[in-house]
Amino acid sequence: MFWIIATGCVLLAVLMPIYWKRHPEIKATPKGLLIFKLAAWGLAAIMIVCALLFEQK
C-alpha cells in the first residue's frame, strides 16, 4: 500500500508542474510550485521509507 501512495506522489510531483505550465489560466507562483514539489517528493520519500520498514517481505 505504501508503494502505491509513493507512486502517486511521484506522479503528482512530476506531472502537475507540466500541466500547470501548459495551462496559464491556473495561477501558480514559483514559490507555490516549489512548495508543492517539496511536499509531494517529501511525502513520496516518507512512503518509500515506510514501505521498506513495514511492508511484508
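Reckoned from all heavy atoms, side chains included, excluding hydrogens, waters and symmetry mates. Numbering starts at 1 and runs along the sequence shown.
Residues forming a side chain to side chain contact (heavy atoms under 4.5 Å, CB included) with K31 (at least two apart in sequence, or on another chain): T29, I35. Listed by chain and residue number, A13 satisfy the side chain to side chain contact (heavy atoms under 4.5 Å, CB included) test with A40 (two or more places apart in sequence, or in another chain).
The two atoms that bring V10 and A44 nearest to each other are CG2-CB, 3.8 Å, heavy atoms only.
In the hydrophobic cluster analysis, where Ile, Leu, Val, Met, Phe, Trp and Tyr join through side-chain heavy atoms closer than 4.5 angstrom, L15 is grouped apart from L33. Residues I46 and F2 share a hydrophobic cluster, clusters being chains of Ile/Leu/Val/Met/Phe/Trp/Tyr side chains in contact below 4.5 Å.
A distance of 12.0 Å separates CD1 of I48 from CG of L53, quoted to the nearest 0.5 Å.
Few gaps surround CD1 on I26; more than 12 heavy atoms of other groups in view lie less than 6.0 Å from it.
In this structure a side-chain-to-backbone donor-acceptor pair under 3.5 Å is missing from E55 to C50.
At a threshold of 4.5 Å between non-hydrogen side-chain atoms, the residues F54 and V49 do not count as touching.
Applying the ring pair (Phe, Tyr, Trp, His ring centres under 6.0 Å) test to pairs two or more places apart or on separate chains, those with a residue in residues 17-47 are Y19-H23, W20-F36.
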